Amino acid sequence: MQRNRRKPAGLSRSRTLRICGDTTPVKCQLGVNSCMPQFGIAVAVMNPIKPETQVADEGTTRMSRDTLSITDNRTGKSYEVPIKNDTIHATDLRQIKVQADDFGMMSYDPAFNNTALCQSKITYIDGDKGILRYRGYSIEELAEKSTYLETAYLILRGELPTRSQLEEWTYNVTHHTFIHESVKKFLDGFHYDAHPMGMMISAIAALSTFYPEAKDIFNKESRMKQTYRLVGKMPTLAAFSYRHSLGMPFAYPDNELSYTGNFLNMLFKTSELKYRPNPTLERALDILFILHADHEQNCSANAMRCVGSSHVDPFSATAAATAALYGPLHGGANEEVLRMLLEIGSLANVPAFIQRVKAGETKLMGFGHRVYKNYDPRARIIKHVADGVFEIMGRNPLLNIALECERIALEDDYFVSRKLYPNVDFYTGLIYQSMGFPVTMFPVLFAIPRTSGWIAQWEEMLLDPEQKIARPRQVYMGYDLRPYKSLEQRS
Ligand code: ACO
């Protein structure tokens, strides 16, 4: 495409766009910088809709209307593009050209900082105010009054279940918790110190080979069946991965227990005939699962949508989403927080560690978020959950170090000016550790509840007529065509 190589028409003109919204004109440099003002207007990159735009003369007096006027200073041409839901359609920019055979303008947005990928009805976040809602219900109320399975139903189906719907949903999830014996053989093949997330990613992908009918993604019944399987089997795969790393025999699901109660059973059951989970720990884990169930277009949800957009089966797409979650900048952060707190070691070392963070030598893991520029509402709830767990299991000695990091960071200009607050991962690790989980299990404990969110995002993407296979553009900065060099010609 080599768009960057084309010489601008009219050399006297500056390579800028003049963008006028309702009132303020914004001048943007053309080139590889994003030219969208932060959270004024986002660029939507869904499927092309036929642009309903008009070319307007520069300087025309405009009435207030839902459009954006753009003047291309390379050509002096002006364009008017529709604004809908505070976004302009990225494909509306394509009409902006210097020459008729140009590809047309694109927006440049590495890491999707200001690009809406889809329209969604699942999760609402106001990052500045610290608000999180699933399907319109506040996270605080759901954490207080709901269970994970009710919340998962809400996220997947759009409404809280009635009593009979909940019974049916619980029955179906519970009756899909067993895994094929051959999957066990798979897990057995891993080395004793294999990271459980690596085992999970592989085992989830392997499930697709056991359920080839899952490829029938536009069949509602099939999607529902795979949903039961995925939500039901994730705790089993997670628990079996854990037991494998200990060299302990697998503990099979107990259908009489709750979702989290059964998970604790498969993790920690030893010789007792019937495992009885501690109700406080069972509820604490359930709340943590509610808090992690969905988080709109995060890295792993985007992986789920992107991979799913190729129409692969949901097991393969979920394996991809789990892989995305594994990274230390995403769901792997809770593991990194624990390692960081262990490295700090004592209260006395906290100021020196914070200095290293400010000097850019390391990060304060569990702090900062792409969307939240305020306290992550989940972190607030988690602090309360931690109190309940510590009452039973004893106070985690790393808690004081974490609290001191938070105290210093919330007063320090480095963190305040960058709006870096504790995110969901800052305190979860402490709870998980107190409950007896090794650090390598932390991201797994994130992946289990996030599965319902991933499936909801995947299904919404599949049923959205505007969506197609996800395929971004690039700005090519490499060589023009050049002649091949033989081995002798290469120095
Ligand atoms: N410690 C120190 N500085 C930080 C941190 C941090 N944890 N997070 C961001 N910053 C700084 C950056 O260095 C940057 O500074 P600069 O402007 O001087 O260059 C500024 O704050 C903005 O940060 P970005 O990296 O641009 O923010 P972005 O939105 O791209 O990244 C992220 C968000 C990845 C979460 C980042 O804050 C981070 O790495 N945090 C630590 C890892 C973590 O806790 N991840 C879990 C996120 S929650 C989740 O996924 C479930």
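Counting starts at 1 for both ligands and their atoms, in listed order. Only a predicted model underlies this, so the values are computations on that prediction, with no experimental measurement involved.
Here the closest non-hydrogen pair linking I155 and R135 is O-NH2, 2.7 Å.
Side-chain atoms of Q226 and R223 include no donor-acceptor pair closer than 3.5 Å.
Annotation: atom 38 (C) of ligand 1 to nearest protein heavy atom, K363 NZ, 3.6 Å. The protein heavy atom nearest to atom 47 (C) of ligand 1 is N423 ND2, 3.6 Å. Considering only non-hydrogen protein atoms, atom 8 (N) of ligand 1 sits nearest to L420 CD2, 3.6 Å. Of all protein heavy atoms, the one closest to atom 2 (C) of ligand 1 is V357 CG1, 3.5 Å. Of all protein heavy atoms, the one lying nearest to atom 40 (N) of ligand 1 is F367 O, 2.9 Å. What sits closest to atom 48 (S) of ligand 1 on the protein, heavy atoms only, is H369 CD2, 3.6 Å. What sits closest to atom 50 (O) of ligand 1 on the protein, heavy atoms only, is H330 ND1, 2.9 Å.
Taking the ring centroids of H244 and F186, they lie at or beyond the 6.0 Å cut-off.
Under 4.0 Å from ligand 1, heavy atoms of L329 appear from its side chain as well as its backbone. Contact annotation: for R370 versus ligand 1, heavy atoms closer than 4.0 Å belong to both the backbone and the side chain. The proximity of D376 to ligand 1, defined as any non-hydrogen pair under 4.0 Å, does not occur for either the backbone or the side chain. Residue-level proximity to ligand 1 for H295 is absent, since no heavy atom of it falls below 4.0 angstrom. Heavy atoms of F446 found under 4.0 angstrom from ligand 1 belong exclusively to the side chain.
The pair E335-R339 meets the salt-bridge criterion, since a charged nitrogen lies less than 4.0 angstrom from a carboxylate oxygen. Salt bridge status for D412 with K358: present, with a side-chain N to carboxylate O gap under 4.0 Å.
At least one heavy atom of L364 sits less than 4.0 Å from an atom of ligand 1.
When the heavy-atom distances from atom 21 (O) of ligand 1 to K358, R450, R418 are ranked, the shortest goes to R418.
A cation-pi arrangement is present between R418 and Y414 under the rule of less than 6.0 angstrom and at most 45 degrees off the ring axis.
With sequence neighbours excluded, the residues forming a ring pair (Phe, Tyr, Trp, His ring centres under 6.0 Å) with Y259 are Y148, listed by chain and number. For the salt bridge (Lys or Arg N to Asp or Glu O under 4.0 Å) test, residues two or more places apart in sequence or in another chain that qualify with R378 are D376.
Close N/O approach between Y414 and ligand 1 is found [any backbone or side-chain N/O within under 3.5 Å].
K233 places a side-chain N or O within donor-acceptor distance of the main-chain N or O of H176, the cut-off being under 3.5 Å.
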